[in-house]
Undergrad: 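Take a look at this one; I'll ask things after.
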Protein chains: 2
Amino acid sequence: MDNLDRKILAVLQSNARASLQEIGQAVGLSTSPCWERIKKLELGGVIEGYTVRLNAQALGFADTVMVQVTLDSHSDNTLEKFGETLAAIPEVIEAYLVSGEYDYLLRVAVKDTRDYERLLRERLYKIKGVRHSKSSFVLRTLKKADLPLV
Amino acid sequence: MDNLDRKILAVLQSNARASLQEIGQAVGLSTSPCWERIKKLELGGVIEGYTVRLNAQALGFADTVMVQVTLDSHSDNTLEKFGETLAAIPEVIEAYLVSGEYDYLLRVAVKDTRDYERLLRERLYKIKGVRHSKSSFVLRTLKKADLPLV
DNA sequence: CCTGAAAGTATAGGGCC
DNA sequence: GGCCCTATACTTTCAGG
């Protein structure tokens, strides 16, 4: 992992479909070393995959909600069950176990506030062990950046 | 935007470098309509770009911190200044203006706890108008999913 | 690391239902 | 309007130096 690798990753962050020629031009190498480096980064697990940045709004997900969740018990069992339950809820896009005043932070994507109310009532409130939750609706996204590599 | 478009997007979500042949096979179309649909989704702004999923750990960002920020004043001016300041801090990966008990939620990527302490002291605490902040370190990532499309 | 050749892919024309 | 097929230019992939 040298500076050239990081430059290549920076290019791929901004356009994962850039051709090897474009990447090579940007970092000052010919296509073959770029290709070899990328394969190494893929095999080494630095590159986990390639994905598309989608406009959630355009796809009908008008609202994003950040949910703080506090559990009753912190036994291994409760914790694991909670994780499994979240995995099965497609609206839950991200879920983190965190330190601090609450236990979990979720990022949830929903069509509208009614959809969110349904999710809370029918899904989150039904999960055993959840003491309480606090919802924060995202009013505006100020920043969404890539990891700083160079 | 029909079901085929959503299927194509689902394929791209899981692998943005899938060839048109693979995409076509997955959705039951030949390559040309897939290509046309993708171009339309790009031009229509549904597809905002293509990016790479990177292993933050492997790149030296061992810690992720979620920071709740509360501002003193809620004037347009303070709000805008705050947004601009955040834009210039590379460690701040995401920033949301939210409803609820606090004003902003930030996702911050740092090398270690010392790096985070430095960021707090030298950057966040220096921003005018910040009343207080609460940090939650991410202990474990339970889920990181794509938007549910089909 | 480079050059370069072979296999695979994106892009765009024309035709079909 | 949306599909399929086909030709050409570009890309990926991997040899040999």
Side-chain angles (χ1 to χ4, degrees), chain A residues 1-62 90 109 111 144-150, chain B residues 1-61 144-150:
Chain A
M1 264 300 281
D2 61 5
N3 226 46
L4 284 166
D5 282 337
R6 273 185 287 271
K7 268 193 196 169
I8 290 172
L9 292 176
V11 174
L12 288 175
Q13 271 185 334
S14 79
N15 177 18
R17 302 196 72 148
S19 74
L20 291 169
Q21 210 166 73
E22 293 172 284
I23 298 168
Q25 205 126 48
V27 308
L29 286 175
S30 76
T31 61
S32 19
C34 286
W35 183 74
E36 284 161 16
R37 280 163 179 270
I38 290 169
K39 288 301 142 193
K40 242 174 244 173
L41 291 165
E42 287 171 355
L43 289 172
V46 179
I47 292 177
E48 294 176 345
Y50 300 92
T51 191
V52 70
R53 257 194 310 267
L54 296 178
N55 183 332
Q57 202 101 356
L59 288 159
F61 298 97
K111 286 210 297 288
K144 220 164 181 103
D146 290 321
L147 287 175
L149 295 177
V150 274
Chain B
M1 262 298 282
D2 61 4
N3 227 46
L4 284 166
D5 282 336
R6 273 185 287 270
K7 270 194 196 170
I8 291 172
L9 292 176
V11 174
L12 289 175
Q13 271 185 333
S14 79
N15 177 18
R17 302 197 73 148
S19 73
L20 291 171
Q21 212 166 70
E22 293 173 284
I23 298 168
Q25 205 126 47
V27 308
L29 285 175
S30 76
T31 61
S32 15
C34 287
W35 184 74
E36 283 162 15
R37 280 164 179 269
I38 290 170
K39 288 301 141 192
K40 239 175 247 174
L41 291 165
E42 287 171 356
L43 288 172
V46 179
I47 293 177
E48 295 176 345
Y50 300 92
T51 189
V52 69
R53 257 194 310 268
L54 296 178
N55 183 332
Q57 201 102 358
L59 289 160
F61 297 97
K144 219 163 185 108
D146 291 321
L147 287 176
L149 295 177
V150 273

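Scope of the values below: all heavy atoms of this structure, side chains included, with no hydrogens, waters or symmetry mates. In what follows, chains carry the letters A, B, and so on, assigned in the order in which the sequence lines appear, proteins first and then strands, with residues in each chain numbered from 1.
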Undergrad: Nearest 0.5 Å please: distance from the CG atom of L9(B) over to the CZ atom of R37(B).
TA: 10.5 Å
Undergrad: In Å, rounded to the nearest 0.5 Å, how long is the span from CE of M1(A) to CG of L59(B)?
TA: 4.5 Å
Undergrad: Looking at every heavy atom in both L29(A) and C34(A), which two are closest together, and how far apart are they?
TA: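 L29(A) and C34(A) have their closest heavy atoms at CB-SG, 4.0 Å.
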Undergrad: Find the distance R37(B):CZ to dT11(C):C1' and express it as a whole number of Å.
TA: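 Checked: the CZ to C1' distance equals 18 Å.
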Undergrad: What does nucleotides 6-17 of chain D look like as a protein-contact string, B for base, S for sugar-phosphate only, - for none, at under 4.0 angstrom between heavy atoms?
TA: -----SSBB---
Undergrad: Would you say dC2(C) has OP1 or OP2 under 4.0 Å from some side-chain N or O of S30(A)?
TA: yes
Undergrad: Could you check whether atom NZ of K144(B) has more than 12 heavy atoms from other residues, nucleotides or ligands sitting under 6.0 Å from it?
TA: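 More than 12 heavy atoms, drawn from other residues, nucleotides or ligands, come within 6.0 Å of this atom.
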Undergrad: Rounded to whole angstrom units, what separation is found between the CG atom of D2(B) and the P atom of dG1(D)?
TA: 15 Å
Undergrad: Under 3.5 Å, side chain of T51(B) to main-chain N/O of A16(A), donor-acceptor pair present?
TA: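 Flag not set: sc T51(B) to bb A16(A) has no pair under 3.5 Å.
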